[in-house]
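As structure tokens, the structure follows; a few thoughts come after it.
Since we're looking at a predicted model, the values are computed, not measured. Throughout, a chain's letter reflects where its sequence line sits, starting with A, and its residues are numbered from 1. Atoms considered below: every heavy atom in the structure, side chains included; atoms not considered: hydrogens, waters and symmetry mates.
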Amino acid sequence: MSKQKKLKPELASGFKDRKGNELILKDRLIEIIKRNFQLYGFEPLETPGFEISENIGKFLPDADRPMAGVFGFKDQKDWISLRYDLTAPLARYVSENFDSLSKPFKRYQVGSVWRNEKPGPGRYREFTQIDADIVGTNNVSADADMCVLLADTLNKCGLDKNEYLIKVSNRKLIQGLLEELKITKDSKKLTIIRAVDKLDRVDIAGVNALLGKGRKDKSGDFTKGAGLTENQSEEIISFLKIDSFSKLGNLSSNTTFKEGISELSEIFELTKVSQFSDRIKFSPAVVRGIEYYTGAIFEANLLFKVKNKKGEKVEFGSVGGGGRYDDLIARFTQSKYPATGVSIGLDRLLYAIDQKTIEKVKYNNPVVICVFDKKQMPQYNKILTLLRSSNINSEIYCGDGSLKSQIKYADKRNAPAVILCGDNELKSGTVTIKNLKLGREASENVKTREDWTSNKTAQITAQIEDLVNEIKKLL
RNA sequence: GCAGCUGUAGCUCAGAUGGUUAGAGCGCUUGGUUGUGGACCAAGAGGUCGGUGGUUCGAUCCCACCCAGCUGUACCA
């Protein structure tokens, strides 16, 4: 007989299984965030994972990536694609249901999005986003609300005030500067905006290089720059160096620039009364690389360091952001329809919060009732009912293993305890509760085999009426 | 996409400057106890040495190409 080729169990690169505590924490964060979004007056919306490609792809005004980066295929009729964010489906939804929606329309949405591109550390091809958007108003108060919402949300997720910062800026600032510098070519503008966006990674000198001729990275690879003159670069660099909002006014008298300033000061005015006013700060380098932003821009940054895969402490940076995008929905409706919104990268946020010991979730794996003898199942079920009706996660061992393997099973699942009920216990109407948690700790001092075989300190025998109380004590 | 580095067991890695049966630790399975996990002891399973071609009497080792991974960079809706 020829050997059959076995399948290799593995995931496509960029995808990840999630389990246990991580998932429990994720669900909890989602609950907190949803609740907070509701508190701010957003209503829930769910849309399908797939959209007609044209609706979420082609209309995007970003010429760099017309259809690349999405998963898609042709069905009987259309090309359809997995959504790559929640904003594009929102634009479709609002346009499609325009007449029946309250205006402005405020919705939040939680869901997976997919991007078909090269995965990196902490970057997957499927991940969860949570968005909140307000569609149908250009009131700056909506933008201000977004800032407070972001801050409040992070706060409610368990972060201290010194652990996050909402950075705010306005696209009109850089756009005004570009006007003043007589830079009109769209592609050049975009290159400049993206160079500015990289400040936190490549420092001032790096940005300067990217604005001018170009920059060589560590591996020796060369990135072509925007090709600005020295004077032009200087202007932009001096803008980036501004450290306080009040100094902005001296920089330029351009009309668009001034508009940006006045919108920003309105945001600061409006958020001043919130309890997060000190968490919302102007930062000139926040521009975001996306082309469609037209006004206010926000970015939620974590200020504490997290450990990477190698255990090194690194800056984590942004866990979310957003801004005003007044032209996006016009792609469907042909009339301008202003909108503003934020997006939280839940998996990134989760990764960071998971490392904060304070927020460790205690997920109680089930108490395991061991099966000595299948004939005693009625008794085991009685015990099970007692536990479950007291809201204690529990189960009867459901495999075929020996007692030893049953306990091993419970141990591997990190169960808090097993319940032993064999002939001895049955006769006396008791159960033996073996505290696995305690045993784990005790085992550290055990040196010889004799020591540990005789070590039964981590178990007690209790009357069946006391079972629930005894278990509750050790949870 | 571009650049640099790296591919040996499920994981982390060793190895011979080309020579019979390729190693360790961890993990996994089983036993040491047919009523006891975690320490300990023993046994066992697990590898086309990333792939293809070339050089050679002989390649996991040398060469070429390819593929994959990592890191940086670009892109990031």
Side-chain angles (χ1 to χ4, degrees), chain A residues 3 5-6 8-10 13-14 56-57 59-62 64-70 81 83-91 113-121 123 125 127 129 131 190-191 194-195 197-198 201-202 206 210 214-224 288-293 308-310 318 321-323 325 328 341 343 345 368 370-373 401-415 417-425 432-456 458-459:
Chain A
K3 259 193 208 165
K5 200 162 192 181
K6 296 284 196 224
K8 194 177 177 192
E10 61 180 357
S13 92
I56 57 164
F59 80 95
L60 275 175
D62 205 330
D64 268 11
R65 29 170 196 75
M67 285 291 286
V70 302
S81 296
R83 64 185 175 211
Y84 50 81
D85 74 358
L86 299 176
T87 311
L90 173 68
V113 304
W114 296 265
R115 294 182 188 176
N116 187 11
E117 50 190 26
K118 193 184 101 177
R123 281 188 57 172
R125 289 152 94 194
F127 53 95
Q129 282 198 335
D131 282 32
L190 195 56
T191 310
R194 285 174 181 163
D197 192 41
K198 290 182 184 92
R201 271 176 294 156
V202 302
L210 283 169
R215 173 177 177 268
K216 221 183 232 181
D217 71 35
K218 262 200 259 173
S219 66
D221 189 30
F222 186 75
T223 309
K224 200 165 173 274
R288 301 185 71 81
I290 307 143
E291 200 175 356
Y292 64 51
Y293 287 125
N308 65 11
K309 231 167 143 188
K310 289 178 189 158
S318 162
Y325 50 100
L328 191 58
S343 178
V368 175
C370 292
V371 176
F372 281 74
D373 182 351
S402 62
L403 180 63
K404 180 182 173 129
S405 57
Q406 296 187 33
I407 297 176
K408 268 192 172 184
Y409 160 87
D411 184 49
K412 192 149 196 171
R413 292 198 65 189
N414 231 331
V418 289
I419 290 174
L420 308 176
C421 185
D423 287 344
N424 301 344
E425 288 84 357
T432 297
I433 300 165
K434 187 175 179 66
N435 187 333
L436 296 183
K437 260 199 268 182
L438 255 185
R440 268 172 219 126
E441 289 155 27
S443 72
E444 281 164 31
N445 303 317
V446 177
K447 283 282 164 287
T448 69
R449 201 174 125 63
E450 285 62 40
D451 263 5
W452 97 258
T453 40
S454 60
N455 179 6
K456 300 270 197 295
Q459 67 183 58

What I want to check is whether an N or O donor and acceptor connect the side chain of A:Q406 with the base of B:G35 at under 3.5 Å. no
Check: A:D423 side chain, B:G35 base, donor-acceptor under 3.5 Å: no
Determine whether any donor atom in the side chain of A:K434 lies under 3.5 Å from an acceptor atom in the base of B:U36, or the reverse, and answer yes or no. yes
Run the side-chain hydrogen bond (donor to acceptor under 3.5 Å, both in side chains) test against A:Q129 and tell me which residues pass, sequence neighbours left out. none
When you check the phosphate oxygens OP1 and OP2 of B:A74, does a side-chain N or O of A:R201 lie under 4.0 Å from one of them? yes
Within a strict 4.5 Å, meaning less than it, do heavy atoms of the A:D131 and A:D85 side chains meet? no
Should stems be defined as at least three consecutive Watson-Crick or G-U pairs with both distances under 3.5 angstrom, which of them involve RNA chain B? B:1-7 with B:67-73, B:10-13 with B:23-26, B:28-32 with B:40-44, B:50-54 with B:62-66
Residues passing the salt bridge (charged side-chain N to carboxylate O under 4.0 Å, His left out) test with A:R215, sequence neighbours excluded, are none
Under 3.5 Å, which N/O atoms of the protein pair with N/O atoms of nucleotides 28-30 of chain B?
residue, atom, partner, partner atom, Å
B:C28, OP1, A:K412, NZ, 3.0

Just jot down the salt bridge (charged side-chain N to carboxylate O under 4.0 Å, His left out) partners of A:D423, sequence neighbours excluded, or say none. none
side-chain hydrogen bond (donor to acceptor under 3.5 Å, both in side chains) involving A:R288 - partner list, sequence neighbours excluded: A:E299
At less than 4.0 Å, is any side-chain N or O atom of A:K404 found next to OP1 or OP2 of B:G37? Yes or no. yes
Look at the rings of A:Y292 and A:Y325 and say which category their plane angle falls in: under 30° parallel, 30 to 60° tilted, over 60° perpendicular. tilted
Do A:T87 and A:S343 come within less than 4.5 Å of each other through their side chains, counting heavy atoms only? no
